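Everything numeric in this text was worked out from a predicted model, so none of it was measured.
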Amino acid sequence: FTLDDPGNLQTAFSTIQVENHNSESAWGLFSVDNINAPTTYNKYEVFNQTQEVGAFQTIYFKTEAGITSISLDQSSWINFDNVFGFYYDIYKSDDSYRGSVFSDEGIAFIEGSDVLDLNADMAVEYDGGENIKTWLDRNGTGTDWDDMTVLVHDVTPIPEPATMALFGIGLLGLAGV
């Protein structure tokens, strides 16, 4: 995913819409070192496990001299990529960290999280405009999807390489090559 508005200072708005689980979850953005073969990642927490439904947060991105940084308050900036995914940190009922689920399942192997052991799933929906909604299902059945839902405004998906290859093949077919 990336921001949908060009410029040196950009914003994305996020809101917790639903949180119905008896133990807590945190939510944020992550970026990787290599989008095609990631080996490391950076996490940036937007909502911690104590925040509840209705919590709102503006996420600021700025680019200077080709380097992108991220902030929640515009006073402390951390280097971050302008291409990112989403994650949920899962906590036990005693607030101890249990593991993470990512919008890109390939990232889980880096952290060593066993998604099956976490008994959690994550879904992401793009509305075709500029909104992304992420859902967390903590019971792992994929049936209720109401354990935590976050809406993010002013972001857009980046097509995967395979999608771009299919698009290119289609264009060649139309051109009659």
Problem set entry | Spacing of OG belonging to Ser25 relative to CG belonging to Asn48, to within rounding of 0.5 Å | 11.5 Å

Seminar exercise, completed: Between the CG atom in Asp147 and the CD atom in Glu24, the distance rounded to the nearest 0.5 Å is 11.0 Å

For this session: Indicate yes or no: at least one non-hydrogen side-chain atom of Thr50 is less than 4.5 angstrom from one of Asp95.
Result: no

Exercise. Are Val155 and Val124 linked, directly or through other ILVMFWY residues, by side chains that come within less than 4.5 angstrom of each other?
Worked result: yes

For this session: Calculate, to the nearest 0.5 Å, the distance between atoms NZ and NE2 belonging to Lys133 and His153 respectively.
Result: 13.5 Å

Exercise. Mind checking whether Gln10 and Asn82 have side chains closer than 4.5 Å, heavy atoms only?
Worked result: no

Problem set entry | Exam field: side chain Ser71 to backbone Asp73, donor-acceptor pair closer than 3.5 Å | yes

For this session: If the plane angle is over 60° it's perpendicular, under 30° parallel, otherwise tilted; pick one for Phe80 and Phe84.
Result: tilted

Problem set entry | Closest non-hydrogen atom pair, Ser103 against Phe1 | OG-CE1, 4.4 Å

Exercise. Same cluster or not: are Phe86 and Leu72 linked, directly or through other Ile, Leu, Val, Met, Phe, Trp or Tyr residues, by side-chain heavy atoms under 4.5 angstrom apart?
Worked result: yes

Problem set entry | Qualifying residue, where the test is side-chain contact (heavy atoms from CB on, under 4.5 Å) with Phe61 and the options are Asp81, Asp154, Leu29 | Leu29

For this session: Return yes if some donor-acceptor pair links the side-chain N/O of Tyr91 with the main-chain N/O of Asp94 below 3.5 Å, else return no.
Result: no

Exercise. Are the side chains of Val150 and Tyr88 in touch, meaning some heavy atoms are under 4.5 Å apart?
Worked result: yes

Exercise. Which distance, rounded to the nearest 0.5 Å, do you find between the CZ of Phe102 and the NZ of Lys43?
Worked result: 5.0 Å

Problem set entry | CD on Gln57 to OG1 on Thr15, rounded to 0.5 Å | 10.0 Å

Problem set entry | Residues Ser31 and Tyr44: side-chain donor-acceptor under 3.5 angstrom | no

Exercise. In terms of the angle between their ring planes, are Phe56 and Phe13 parallel, tilted or perpendicular, with boundaries placed at 30° and 60°?
Worked result: parallel

Exercise. In terms of hydrophobic clustering (I, L, V, M, F, W, Y; side-chain heavy atoms under 4.5 Å; direct or indirect links), are Leu151 and Tyr60 co-clustered?
Worked result: no

For this session: With the side chain counted from C-beta on, respond yes when Ile16 and Trp27 share a heavy-atom pair under 4.5 Å apart, and no when they do not.
Result: no

Exercise. Do the ring centers of Tyr87 and Tyr41 come within less than 6.0 Å of each other?
Worked result: no

For this session: Hey, could you give me the CG/CD distance between Leu3 and Glu130, rounded to the nearest 0.5 Å?
Result: 11.0 Å

Exercise. Counting only N and O atoms by type, is there a donor-acceptor contact under 3.5 Å from the side chain of Thr2 to the main-chain atoms of Val83?
Worked result: no

